[in-house]
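Not measured: the values here are computed from a predicted model. All values below were derived from every heavy atom in this structure, side-chain atoms included, with hydrogens, water molecules and symmetry-related copies excluded.
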Amino acid sequence: MNIQAHDQLKSHIWEIANRLRGPYRPPQYRLVMLPIVVLRRLDCVLEPTKDAVLKEYEKLTAQNMPESAMERLLGRAADPDRKHPLYNTSPYTFERLLGDPENIAPNLVSYINGFSPTARTIFEKFKFTDQIEKLDASNRLFTVVKAMADVDLHPDRIDNLQMGYLFEHLVMRFNEQANEEAGDHFTPREVIRLMANLVYTGEQDVYTPGIFRTIYDPACGTGGMLSESEKFILGQNSQANLALHGQEYNDESWAICCSDMLIKDEDTKNIVLGDTLGDGKTRDGFEGRSFHYMLANPPFGVEWKDQKAVVEREHREMGFSGRFGAGLPAINDGSLLFLQHMIEKMHPYEEGDENATGSKIAVVFNGSPLFSGDAGSGPSNIRRWIIENDWLDAIVALPDQLFYNTGIFTYVWLVTNRKAPERRGKVQLIDGTRFFQRMKKSLNNKRNEISDDQINDLTRLYGNFRDGETADVRINGDTETRVVSRIFENREFGFLKVTVERPLRMNFEATPERLARLDDQSAFANLAISRKRKDAKAVEAEEAAGRAEQDAIRALLSTLEAKGRYMDREAFDEELSRAAKRAGLKLAAPIKKAIFAALGERDPDAEICRDGKGREEPDSELRDTENIPLPEGTALPLPMQFGPDKPNDGLVEEFRDVIDAYMAREVLPHVGDAWVDYDKTKVGYEIPVNRHFYVYKPPRPLDEIEADITELEGEITGLLKGLVA
């Protein structure tokens, strides 16, 4: 691609867009510019055969040809080599529209309505006809059409890749003008190329002449993942038969993707409009289908409230028979829902069975799916499900400031159910955060890019599959040799979250200060609150009785003040019961609990509090948790069902010795009265990519730092003298 010519094209299109200023604000330019660029592209494609199509249309109309047959025949007249018809039966082109300026608005509508059915649907989704009247009323329509007529977008001059870049640039500029969310971004092409290189590495079958493979993107946007995958494979195997599939919920993005597919003679029926997760109105457009390769860049950190009812129902009712059996992530980030959706669409795999082909997935996430959620939570269980099934193949950490609308670090996950023998039971982590070069000119938040050589380097690291492999990378202007590839066993990402309890120890004393705390106890305060509502006298009588009971309890407790401090709750309870009996008061359990709470204070020197069966009561304030790594030799999957309410008996039985040994080694030497509440033991999984590549650098010597500070102080003093002078 000629970069200079492409930059000139982008600038020219944006100049045309600026002519809309006035009736349109910059964020609204997209309403006109996206459809009119597609329209001009189609106009350039169809113009050479325009007259032949009109002649054939006139003949077929005279013959009263059925519409279904007419579509096929007109498509053949436009291009006999196309499988999917693309034509226009109106007498207009961009040049001919300019010949009748007074009627350009109705003629343009007629021109759009003359397209073949698929192309008409694309413009319906753009809702471009809604803008034509507004453009005409503001005297912008003729100007814009005339300007676009001078732009040559024929595929012989502007190929599909360059058109993809053009749309990407326009959408990025429009998003920037509209201040879109970080999650509503488009994937830079070099990231897509990297994902394609990674996902097809080691996939020998896809390079077999005549092979048929399906590619799917559940959040396809304008179709960049699909187009780049097709280009990558056909560049090495021109005889491959590829079927591209995608789903997109945004009308404009869907229309751009379909227009690109239509021009390339791909089946636009394979690009579904609707919400992939399901929002109650639309649903998974490929339910029950499986695909060989899947690539996606789901929105980062975007809420899934609109899909909540559908997703939760499928999770609850279908379990692992549906898409979301492993669990649900937090409502503010639906990334892992998309990954579960893609895993559900993997072809089954069985070694030696040619029909069980398996599948491979590449998906780009932010950092949240790596570690969000506590042990036993939805995100942790999703990671556990993927890793224990040995589907997670590799994770590649990418540089920051790589995407247009967000500067965060991102990560490519590679997931497959047909790992090579040497990769089974293992996960590769690749640190690609230093594999970038600064852009000459930043694009919003995008200041870095990955060069072709760096894409090749990262792909080679993945293909080599070596633990401890190093590379020379630039860090703060210096070149350093760093480890950039690590290999881990699956179990190394798992851990047992163990709840460690310590006994409750309290002293009790009936001092005025502690007695005053009774009023803060809800059970005690509620004694003076009536539950009656209608009878005012009854309310007053009930509240008076309650206040009297409160006074009696206070009087009772004040008699214990002289007894001093109790270091044993059982002794205090016995004394309290005797005093209540003498006073003729019956203390209900909630009131007793309120008294213990008000008059008690934690005291490490007090006796342990015990329940009615003599068991030590845990102190919630001293409760702690320990994360115990899964020991070497752990067999996966672990003996524990998925879900927060599932029993953990098998898990505890399997790891009781491990937990006890850990307690004896790490906890009991420091707090000898601690114990484990085994019923609360959970499994957690997290993938701390950055931790595994962290390199400690000791701080500079203090004398060097002090010298720098002294030098800076001298400079500041000199500057201040200059100001005073």
Side-chain angles (χ1 to χ4, degrees), residues 305 308 312 331 374 499-625 644-645 673-675 677 679-680:
K305 285 183 178 177
K308 185 173 184 288
E312 287 185 344
I331 197 69
D374 198 3
T499 300
V500 179
E501 303 282 13
R502 293 185 63 193
L504 178 65
R505 298 173 184 266
M506 299 186 75
N507 68 51
F508 299 87
E509 195 170 5
T511 62
E513 294 80 14
R514 297 193 188 189
L515 284 173
R517 299 176 196 166
L518 268 175
D519 294 329
D520 297 328
Q521 300 297 318
S522 57
F524 184 79
N526 287 340
L527 290 174
I529 299 175
S530 174
R531 292 184 177 83
K532 302 184 186 302
R533 293 290 180 267
K534 296 180 180 179
D535 190 334
K537 288 184 178 181
V539 168
E540 185 178 352
E542 188 172 17
E543 290 180 348
R547 287 192 294 271
E549 186 175 356
Q550 287 178 331
D551 292 340
I553 293 173
R554 289 192 188 97
L556 160 68
L557 295 175
S558 64
T559 64
L560 300 179
E561 183 178 2
K563 302 284 186 179
R565 179 171 295 181
Y566 293 82
M567 300 298 285
D568 187 341
R569 190 179 68 181
E570 186 175 355
F572 175 71
D573 187 15
E574 291 175 356
E575 188 65 40
L576 177 63
S577 298
R578 284 195 294 269
K581 186 175 182 181
R582 287 194 300 267
L585 285 177
K586 186 175 182 181
L587 300 177
I591 300 300
K592 255 194 174 183
K593 188 175 180 181
I595 292 171
F596 289 154
L599 273 60
E601 288 185 356
R602 284 174 169 80
D603 185 341
D605 296 324
E607 294 296 322
I608 294 173
C609 298
R610 299 179 182 274
D611 62 18
K613 295 183 179 180
R615 296 173 300 195
E616 296 181 350
E617 287 187 21
D619 186 342
S620 60
E621 292 188 6
L622 296 179
R623 181 174 295 142
D624 201 359
T625 58
D645 57 343
D673 58 0
W675 75 90
D677 186 345
D679 290 340
K680 295 178 181 176

(message) Show, in sequence, the C-alpha distance, side-chain angles and deciding distance for I553 and L527, and conclude whether the side-chain contact (heavy atoms from CB on, under 4.5 Å) test is met.
(response) CA-CA 11 Å; I553 293 173; L527 290 174; 4.0 Å; yes

How many angstroms lie between [atom1] in [X] and [atom2] in [Y], if you round to the nearest 0.5 Å?
X	Y	atom1	atom2	result
E607	N507	CD	CG	12.0 Å
E501	T625	CD	OG1	10.5 Å
L599	R565	CG	CZ	11.5 Å
S577	R582	OG	CZ	10.5 Å
I591	L585	CD1	CG	11.0 Å

Heavy-atom count around [X] [atom1] within 6.0 Å, excluding the residue itself: above 12?
X	atom1	value
R578	CZ	yes
K680	NZ	yes
E570	CD	no

Beyond-backbone contact of [X] with [Y], side-chain heavy atoms, under 4.5 angstrom:
X	Y	value
L576	L557	yes
L504	E621	no
M567	D605	yes
E509	E601	no
E561	P512	yes

Exactly one of F572, F596, F508 clears ring-ring contact (aromatic ring centres under 6.0 Å, His included) with Y566, and that residue is F572

Practice prompt. Begin with the C-alpha distance, continue with both residues' side-chain angles, and end with the deciding distance and a verdict on side-chain contact (heavy atoms from CB on, under 4.5 Å) for L518 and Q550.
Written response: CA-CA 9 Å; L518 268 175; Q550 287 178 331; over 6 Å; no

Of D673, D568, L622, the one forming a side chain to side chain contact (heavy atoms under 4.5 Å, CB included) with R505 is D673

Show the nearest heavy-atom pair for residues [X] and [Y], with the distance to one decimal.
X	Y	value
A528	E543	O-CG, 3.4 Å
A597	Q521	CB-OE1, 3.6 Å
L556	A580	CD1-N, 3.6 Å
A523	P590	CB-O, 3.8 Å
R517	G600	NH1-O, 3.8 Å
P503	E616	CB-OE1, 4.1 Å

N/O donor-acceptor pair under 3.5 Å between R569 side chain and R610 backbone:
yes

With sequence neighbours left out, the residues meeting side-chain hydrogen bond (donor to acceptor under 3.5 Å, both in side chains) with K563 are none

Inset, instruction - Test side-chain contact (heavy atoms from CB on, under 4.5 Å) on M506 and E617 and set out the steps. - result: CA-CA 11 Å; M506 299 186 75; E617 287 187 21; over 6 Å; no

**OP:** Quick one: do I331 and K305 satisfy side-chain contact (heavy atoms from CB on, under 4.5 Å)? Show the steps, please.
**Re:** CA-CA 7 Å; I331 197 69; K305 285 183 178 177; 3.7 Å; yes

- Query: When you check the gap from the basic side-chain N to the acidic O, do E540 and K537 get nearer than 4.0 Å?
  - Reply: no

| task | Using the salt bridge (Lys or Arg N to Asp or Glu O under 4.0 Å) rule, take D624 and R502 through it: C-alpha gap first, then chi angles, then the decisive distance, then the call. | result | CA-CA 9 Å; D624 201 359; R502 293 185 63 193; over 6 Å; no

